[in-house]
Amino acid sequence: DAGPRAPNPNGNFQDVFSQRNNLDFSTSRPLWKGAKISLNWKVGWSINKNTTLQSDQYGNISVNNISSTGSISRTFFSLPPFLFLSSLKSGINRVHELYKPNAKNQTGNLSKAFVQGFETLPFLSRIGFLKNFANYIPRPNFRISWNGLEKLPLFKHFAERVSLEDAYTSNYTEGWSLTPDGTKLIQTQRINYGFMPLLGLNITFARLWGGNLISSIKYSTSSSFILGISTKNITESFTRNIGITAGYSKSGFELPLFGISLKNDIEFSLSYTNLTNTTIIYNMTNFKKGGIPQDGSNRTTLEPRIRYTISSKVTLTLFYKRSSVQPVGASRIPPTSTSEAGLDVHISIQ
């Protein structure tokens, strides 16, 4: 309460207040020899309040309007309805089952179905004294790493170090506003979840020809669902990424050049990526399993590269990169492909 203002007939003023809160929790523990799991929980909420005031000739003020907006963001837990995970009953089909088009408050019913339908194991919202706080309670995300796989019979004959990783991340965000009578209206809702990576394998091979050979394979997927409150549509954006890299390096070998024996380094690398993006729209008033496909693309990139260093003074890099894009779903983009090749020469003069 700022009290009286300076006398100003018909003077307009604004009081602006904002607050943001964030809580992060994390822990980790061993699972078995060489394996560890890390868990994290995050929640944040904010509020923005704008009050319009008017003063009279005596400095007395009256409130003309109050507008408030806010947001909630927290870690979420939603598993895709794939294979045996379908028994957990979470996903877009579950949202459709929970949504009641004939409900008195259709918007509120759809908003509630959106959260409950995508949440896997929503036991917190079923506990009586937690129902009013469930929206502020973060769910766990995790990362699992496993080192020492080179001791397994599958790898021990050719690898020095092998590690495996898996990481799950998910987030729920909500934006809301208050009407003049104090009614809370949800304006935006979004759920993201993904395994990044679902499978990540890193291998360091035994020394080959006096050099080091390494490789990694990563397979990642992510999904994003956005609820259109006014259109009653849910838009899904799906991404799948496959990445494979391999590299060989050898340093310190001698190569006679112009009668001088110089120390040389050489590196070979090869990278392959395949990235798929698709967009699907689900009309919740006229629901169709599988939705309506929209734009999508599949991008593939292959890039071999050779880097040769001569006595730390001269570096030669030879590279080739080929990229291709193919349309997916209802996309009308034409298929394209590009190729690039080049030679970089760097000479250090002192």
Just by modelled atom types, is the [Y] backbone N or O under 3.5 Å from a matching donor or acceptor in the [X] side chain?
X	Y	result
S170	N192	yes
S90	G117	no
S331	D295	no
S237	T279	no
Q294	I292	yes
D265	T309	no
E267	R307	no
R74	N135	yes
Y168	P197	no
T120	L79	yes

Show, in sequence, the C-alpha distance, side-chain angles and deciding distance for T245 and S216, and conclude whether the side chain to side chain donor-acceptor pair (under 3.5 Å) test is met. CA-CA 5 Å; T245 61; S216 67; 2.6 Å; yes
What's the separation between atom [atom1] in [X] and atom [atom2] in [Y], rounded to the nearest 0.5 Å?
X	Y	atom1	atom2	answer
S55	N12	OG	CG	8.0 Å
E97	Y99	CD	OH	15.0 Å
I203	I217	CD1	CD1	6.0 Å
R190	I226	CZ	CD1	4.0 Å
N48	S18	CG	OG	5.5 Å
E160	T204	CD	OG1	7.5 Å

Please tell me if the side chains of [X] and [Y] come closer than 4.5 Å, counting only heavy atoms from C-beta onward.
X	Y	answer
F195	P80	yes
T239	L275	yes
L185	W176	no
I191	F76	yes
T300	Y272	yes
V43	T75	no
N93	K289	yes
L208	Y248	yes

Under a 3.5 Å cutoff, is there a donor and acceptor pairing between the side chains of S111 and Q189?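 The criterion, which ignores hydrogens and geometry beyond distance, is satisfied for Q189 and S111.
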Assess the side chains of N50 and S67: does a donor N or O sit below 3.5 Å from an acceptor N or O?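 Note: N50 and S67 side chains miss the donor-acceptor criterion.
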Which heavy-atom pair separates [X] from [Y] by the least distance, and what is that distance?
X	Y	answer
L98	A113	CB-CB, 3.8 Å
G44	N22	CA-OD1, 3.7 Å
I280	G290	CG2-O, 3.4 Å
D166	L198	OD1-O, 2.7 Å
N141	T169	OD1-CA, 3.5 Å
I229	I186	CG1-O, 3.7 Å

Flag if over 12 foreign heavy atoms under 6.0 Å of [atom1], [X]:
X	atom1	answer
I72	CD1	yes
K232	NZ	yes
K89	NZ	no
R299	CZ	no

Derivation of the side-chain contact (heavy atoms from CB on, under 4.5 Å) call for N277 and F238: CA-CA 6 Å; N277 295 291; F238 173 77; over 6 Å; no
I'd like to know whether R240 forms a side chain to side chain donor-acceptor pair (under 3.5 Å) with N274, so could you lay out the CA-CA distance, the side-chain angles of the two residues, the decisive distance to 0.1 Å, and finally the verdict. CA-CA 8 Å; R240 184 197 66 199; N274 181 264; 3.3 Å; yes
Would you please test E236 and S224 for side chain to side chain donor-acceptor pair (under 3.5 Å) and show each step? CA-CA 6 Å; E236 175 190 5; S224 172; over 6 Å; no
Full working for side-chain contact (heavy atoms from CB on, under 4.5 Å) between D15 and L53: CA-CA 8 Å; D15 284 351; L53 308 169; 3.4 Å; yes
Would E119 and R139 pass as an ion pair if we require N to O under 4.0 Å?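 A salt bridge links E119 with R139.
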Relative to the ring of Y282, is the ring of F287 parallel (under 30°), tilted (30 to 60°) or perpendicular (over 60°)?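 The arrangement is parallel - the two ring planes meet at less than 30°.
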Mind telling me whether F225 and Y193 have parallel, tilted or perpendicular rings, with 30° and 60° as the class edges?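 Ring orientation, 0 to 90° scale: parallel.
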Before you tell me yes or no, could you show the steps for S62 and Q54 under side chain to side chain donor-acceptor pair (under 3.5 Å), namely the whole-Å CA-CA distance, both residues' side-chain angles and the distance that decides it to 0.1 Å? CA-CA 5 Å; S62 59; Q54 189 174 36; 4.6 Å; no
Trace of the side-chain contact (heavy atoms from CB on, under 4.5 Å) decision for I234 with F114: CA-CA 9 Å; I234 296 178; F114 179 75; 3.7 Å; yes
Using the salt bridge (charged side-chain N to carboxylate O under 4.0 Å, His left out) rule, collect all pairs that involve residues 205-221, keeping only residues at least two apart or in two chains.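 Sorted pair list: E165-K218.
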Would you please test I144 and L31 for side-chain contact (heavy atoms from CB on, under 4.5 Å) and show each step? CA-CA 9 Å; I144 299 175; L31 295 174; 4.1 Å; yes
